[in-house]
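Letters A, B, ... are given to chains in the order of the sequence lines, protein chains preceding strands, and every chain is numbered from 1.
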2 protein chains.
Amino acid sequence: MPGTGSDQAEASSTRDRILDVALDLFVERGFDGTSLRQIAEPLGMTKAALYYHFESKEAILMALHMRLHEFGRVLLATVGDEPVTLETWGKLLSELMDQMMAQRKIFLLHERNQAAFERVHNKSHQQEHEDFETWFRTTLADSSLSVHDRVRMAGAFGVVFTALFLSGDAFSSATPDELRDELHGAVDDLLRNEPATGATLDHS
Amino acid sequence: MPGTGSDQAEASSTRDRILDVALDLFVERGFDGTSLRQIAEPLGMTKAALYYHFESKEAILMALHMRLHEFGRVLLATVGDEPVTLETWGKLLSELMDQMMAQRKIFLLHERNQAAFERVHNKSHQQEHEDFETWFRTTLADSSLSVHDRVRMAGAFGVVFTALFLSGDAFSSATPDELRDELHGAVDDLLRNEPATGATLDHS
DNA sequence: GTCTATATTTCGATAGAC
DNA sequence: GTCTATCGAAATATAGAC
């Protein structure tokens, strides 16, 4: 909350406009490849002015991280404490897919700046926060699930992630609805418990 | 080719040892988060010595990039000029999967340093090289293929990529053979031409 | 081939005026 | 809230001795 702003109804705070520009640049050139001057310039200010709104460059990155963190918090709440199965995983992915399509840039930010996030994460003693990414990887490593099921779970996520983020704009010609339906179909194929046709597969 | 080395049979050249250390650090901390001093120190030399073997820090990154580029060149050759179908895509992925498991670090390097690669790639006027990544994305964007097929192709790649690179060490307990078999199964499920309804599956 | 300097640049961050 | 000016640190890269 930067001070005693007078415009109650201004469309977006300066703080938010800084974050929007930073998000674009961090996705495009990377966190380390972006200088504060490059963030300030399109906003018509100098880099010194940024320090009125953020105490450091890393604070800008962490503020953007919070946007993802909030999605994860909500998502974890919808899962509740149901045991993880191929079916519940499908429901989770369905929710996640919508979030990813709506907040594309935030996910791209994290995909393209893993090293920077890890560095800042360690510096700041911010351990002990129930992170969605942590839960995700912990679940995939849960040895009480079969390797078969876990590969399917990771793979189903990978289908969505790759189509949306690693394929460039390969699917920009498809409508969002068409893409979402195709992704659902692919995810369902992966998570469907194989019917025992001909041979019995045992994946307890 | 650094000069007139006297040890013909030395296990690895200094140049290669520099690249090996740099690869580890670039994967762990990122290209921008790694200084030349951090590369030189574990090798028992000073950063100035690195300039005898490489003309710049970016040259080290590009030398590592060449390792991936060579894989891609070989891979593209195996594809030949066959038209891309779900079946040929499966064969390609099978080859690619083996390469990925054998050369894990090189792929991790590219996954975690996309911004740095793009920056260096643009600076160096190295356009005009038949890049595997370029071919990959171009193929996925080929509008002569149906969206359905292209989503399946991107997704099948995503299954492999995610299990091997985005899941941390979630599958480190599984044997490489077990993991490879499971990935093949998942890929086949995605690329199998859907039978009309309960009809015959044709994967010749 | 590797070293000890050092040049040069850029960046994050601060001080203080307005 | 934003500016000008500057500090201090760290990085890439070079020069020249050995």
Side-chain angles (χ1 to χ4, degrees), chain A residues 1-22 25-26 28-64 113 115-117 119-120 122-124, chain B residues 1-22 25-26 28-64 113 115-117 119-120 122-124:
Chain A
M1 312 140 182
T4 62
S6 51
D7 311 59
Q8 292 174 294
E10 71 180 338
S12 63
S13 66
T14 300
R15 183 188 159 94
D16 285 337
R17 286 189 298 120
I18 292 172
L19 289 177
D20 289 340
V21 171
L25 290 173
F26 289 170
E28 199 177 317
R29 321 161 73 98
F31 175 76
D32 291 303
T34 303
S35 70
L36 292 178
R37 186 195 147 278
Q38 290 173 318
I39 297 174
E41 190 183 37
L43 291 165
M45 42 169 103
T46 64
K47 64 178 177 176
L50 298 178
Y51 282 90
Y52 179 81
H53 302 277
F54 296 94
E55 69 173 351
S56 69
K57 185 187 178 186
E58 292 182 351
I60 298 179
L61 188 67
M62 290 314 290
L64 290 171
N113 292 281
F117 275 114
R119 188 188 337 134
V120 175
N122 289 359
K123 253 177 90 167
S124 162
Chain B
M1 313 142 183
T4 63
S6 50
D7 310 60
Q8 292 175 294
E10 70 182 338
S12 63
S13 66
T14 301
R15 181 188 161 95
D16 284 338
R17 286 188 299 120
I18 291 172
L19 288 176
D20 288 340
V21 171
L25 290 173
F26 289 170
E28 198 177 318
R29 320 162 74 99
F31 175 76
D32 291 304
T34 302
S35 69
L36 292 178
R37 186 196 147 277
Q38 290 173 319
I39 297 174
E41 190 184 38
L43 291 166
M45 43 168 105
T46 64
K47 62 181 177 172
L50 299 178
Y51 282 90
Y52 178 82
H53 302 276
F54 297 93
E55 69 174 351
S56 69
K57 185 187 178 185
E58 293 181 350
I60 298 178
L61 188 67
M62 291 315 289
L64 290 170
N113 291 281
F117 275 114
R119 186 183 344 128
V120 174
N122 289 0
K123 252 177 90 168
S124 162

Among the candidates [options], find the nucleotide nearest to the side-chain atoms of [X].
X	options	answer
B/Ser35	C/dC3, D/dA11, D/dT2	D/dA11
B/Lys57	C/dC3, C/dA13, D/dT12	D/dT12
A/Ala49	D/dC3, C/dA13, D/dA13	D/dC3
B/Met45	C/dG12, C/dC3, D/dC3	C/dC3

Are there any protein N/O atoms within less than 3.5 Å of an N/O atom in nucleotides 15-18 of chain D, and if so, which ones and at what distance?
none

B/Thr46 near the nucleic acid: base, sugar-phosphate alone, or nothing, with a heavy-atom cut-off under 4.0 Å?
-> base

Looking across every strand, which nucleic acid part, if any, lies under 4.0 Å from A/Gly44 by heavy atom: base, sugar-phosphate, or nothing?
-> sugar-phosphate

Round to the nearest Å and state the distance from [X] atom [atom1] to [N] atom [atom2].
X	N	atom1	atom2	result
A/Phe54	D/dT2	CZ	C1'	16 Å
B/Asp32	C/dT10	CG	C1'	13 Å
A/Arg119	C/dG12	CZ	C1'	13 Å
A/Leu50	C/dC11	CG	P	14 Å
A/Leu43	D/dT2	CG	C1'	13 Å
B/Ile39	C/dT2	CD1	P	15 Å
A/Arg15	D/dT2	CZ	P	14 Å
B/Leu36	C/dC3	CG	P	14 Å

Is any side-chain N or O of B/Tyr51 closer than 4.0 Å to OP1 or OP2 of D/dA13?
-> yes

Do any N or O atoms of the protein come closer than 3.5 Å to N or O atoms of nucleotides 6-9 of chain D, and which pairs are they?
none

B/Lys57 and B/Thr34 have their tightest heavy-atom pair at NZ-O, 2.7 Å

Smallest separation among heavy atoms of A/Ile18 and A/Phe54, with atom names | CG2-CE1, 3.7 Å

Can you sort out the partners of B/Phe117 under ring pair (Phe, Tyr, Trp, His ring centres under 6.0 Å), two or more places apart, ordered by chain and number?
-> B/His65, B/His110

side-chain contact (heavy atoms from CB on, under 4.5 Å) with A/Glu41: which residues, sequence neighbours excluded?
-> A/Arg37

Partner residues of A/Glu58 under the side-chain contact (heavy atoms from CB on, under 4.5 Å) criterion, sequence neighbours left out = A/Phe31, A/Ser56, A/Val120, A/Lys123

Got more than 12 heavy atoms from elsewhere within 6.0 Å of CD, B/Glu55?
-> no

If you count the non-hydrogen atoms of other residues, nucleotides and ligands that lie under 6.0 Å from CZ in B/Arg29, is the total more than 12?
-> no

By salt bridge (charged side-chain N to carboxylate O under 4.0 Å, His left out), which residues pair with B/Arg17, not counting sequence neighbours?
-> none

How far does NZ of B/Lys47 sit from OG of B/Ser35, to the nearest 0.5 angstrom?
-> 8.0 Å

Test: A/Asp32 and A/Arg119 ion pair at under 4.0 Å = yes

